[in-house]
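What follows is one structure encoded as structure tokens, with my remarks underneath.
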Amino acid sequence: MKISVFFSPKEQPENLKGTAVVIDVLRASSTITTALAHGAKSIRPVLSAEEAFMLTQKSPGALLGGERKGMKIHGFHLGNSPREYSRETVQNKKIIFTTTNGTQAIGRARESGLEKIYVGCFLNLSALLEKLANNPTELYLFCSGRNGAFSLEDAAFAGLLCQRLGKIYQLADTAKAALAIWKMWDGRVLDLLAACEHGRYLEEIGLGSDLSLCAAVDKYSVVPVLVGEELISAVE
Ligand code: MLT
């Protein structure tokens, strides 16, 4: 079994068999994980705000969440900060969710035909590793990237998964490259998030406090998994 990494949306794989992990450390993966950890019933990732608005008509009571340019979308209940997805706000709620890069990466993983699609980030690292170690299949790490291109934080997190799973899986060249990136930051997650372009952008727009929320390793034991159209907490 081998781990391969897709570093940016420019890589559009087809007809894959195995498991995917979609990674958008800043911030979609971290927000999705936080919402499910706080009792959200499900999260429906969609590609556009228009699609999200249409779906609420069929799902009264659902919350609309997500961002464009990092900010809450006009008419949505919630933005894309893990801080907004508190238990009081999301418990037992369905959330319809769209973000610039993260929900698009989930869409690409779906189109690739993979059997199992998880969402990963520093917040659920150990729980995710347990899932990946227990039932090894071909493993594809989909980095969401930033505005269609490479992002350092997603590549580094992919490298951390490769480091921890290296005894069970072989590493493709892309996985070895991700591992080399992670080794530059090993143990310095907040420094990584503060140094990368998207972290600096979030600081600029006044959302710098989200970095420490996304850097909290193993804060939750929830692993989001796509079932049909929705992400829910993986049970088995
Ligand atoms: C995205 O999906 O593009 C991100 O999560 C952007 C953000 O930080 O809101």
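In what follows, every heavy atom counts, from backbone to side chain, and hydrogens, waters and symmetry copies are set aside. We number each residue from 1, following the sequence as shown. Remember, it's 1-based here, ligands and their atoms both numbered in the order they're listed.
- Listed by chain and number, the residues in a side chain to side chain contact (heavy atoms under 4.5 Å, CB included) with His38 are Thr34, Arg87, Val90, Tyr220 (sequence neighbours excluded).
- Checked against side chain to side chain contact (heavy atoms under 4.5 Å, CB included), Arg146 has the following partners two or more places apart in sequence or in another chain: Ser151, Glu197, His198, Tyr201.
- Nearest to atom 3 (O) of ligand 1 among the protein's heavy atoms is Asn101 ND2, 2.6 Å.
- Residue-to-ligand polar distances place Ala28 within reach of ligand 1: an N/O pair is separated by less than 3.5 Å.
- Note on Arg110 versus Glu229: salt bridge recorded, some NZ/NE/NH1/NH2 to OD/OE distance being below 4.0 Å.
- Numbered from 1 in the order shown, with element, the atoms of ligand 1 that lie under 4.0 Å from a heavy atom of Leu26 read 4 (C), 5 (O), 6 (C), 8 (O).
- Hydrophobic clustering of Ile, Leu, Val, Met, Phe, Trp and Tyr side chains at less than 4.5 Å, counting indirect connections, unites Leu152 with Phe157.
- With ligand atoms numbered from 1 in the order given, ligand 1 contributes 1 (C), 2 (O) to contacts under 4.0 Å with heavy atoms of Thr99.
- Taking distance alone, with nitrogen or oxygen atoms compared against 3.5 Å, Thr103 stays at or beyond that limit from ligand 1.
- Of the polar atoms of Gly102, at least one N or O is found under 3.5 Å from an N or O of ligand 1, judged by distance alone.
- Atom 4 (C) of ligand 1 has Asp24 OD2, 3.3 Å as its closest protein atom, hydrogens excluded (heavy atom only).
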### Task
Given salt bridge (Lys or Arg N to Asp or Glu O under 4.0 Å), test Lys72 with Glu84 step by step and report yes or no.
CA-CA 11 Å; Lys72 183 161 80 113; Glu84 295 169 87; over 6 Å; no

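- There is no side-chain donor-acceptor pair under 3.5 Å between Asp154 and Ser144.
- The part of Glu67 lying near ligand 1 is the side chain, judged by heavy-atom distances below 4.0 Å.
- Between atom CD1 of residue Ile95 and atom CD1 of residue Ile43 there is a gap of 4.5 Å, rounded to the nearest 0.5 Å.
- Only side-chain heavy atoms of Asn80 come within less than 4.0 Å of ligand 1; its backbone N, CA, C and O stay farther off.
- Contact annotation: His198 has at least one heavy atom less than 4.0 Å from an atom of ligand 1.
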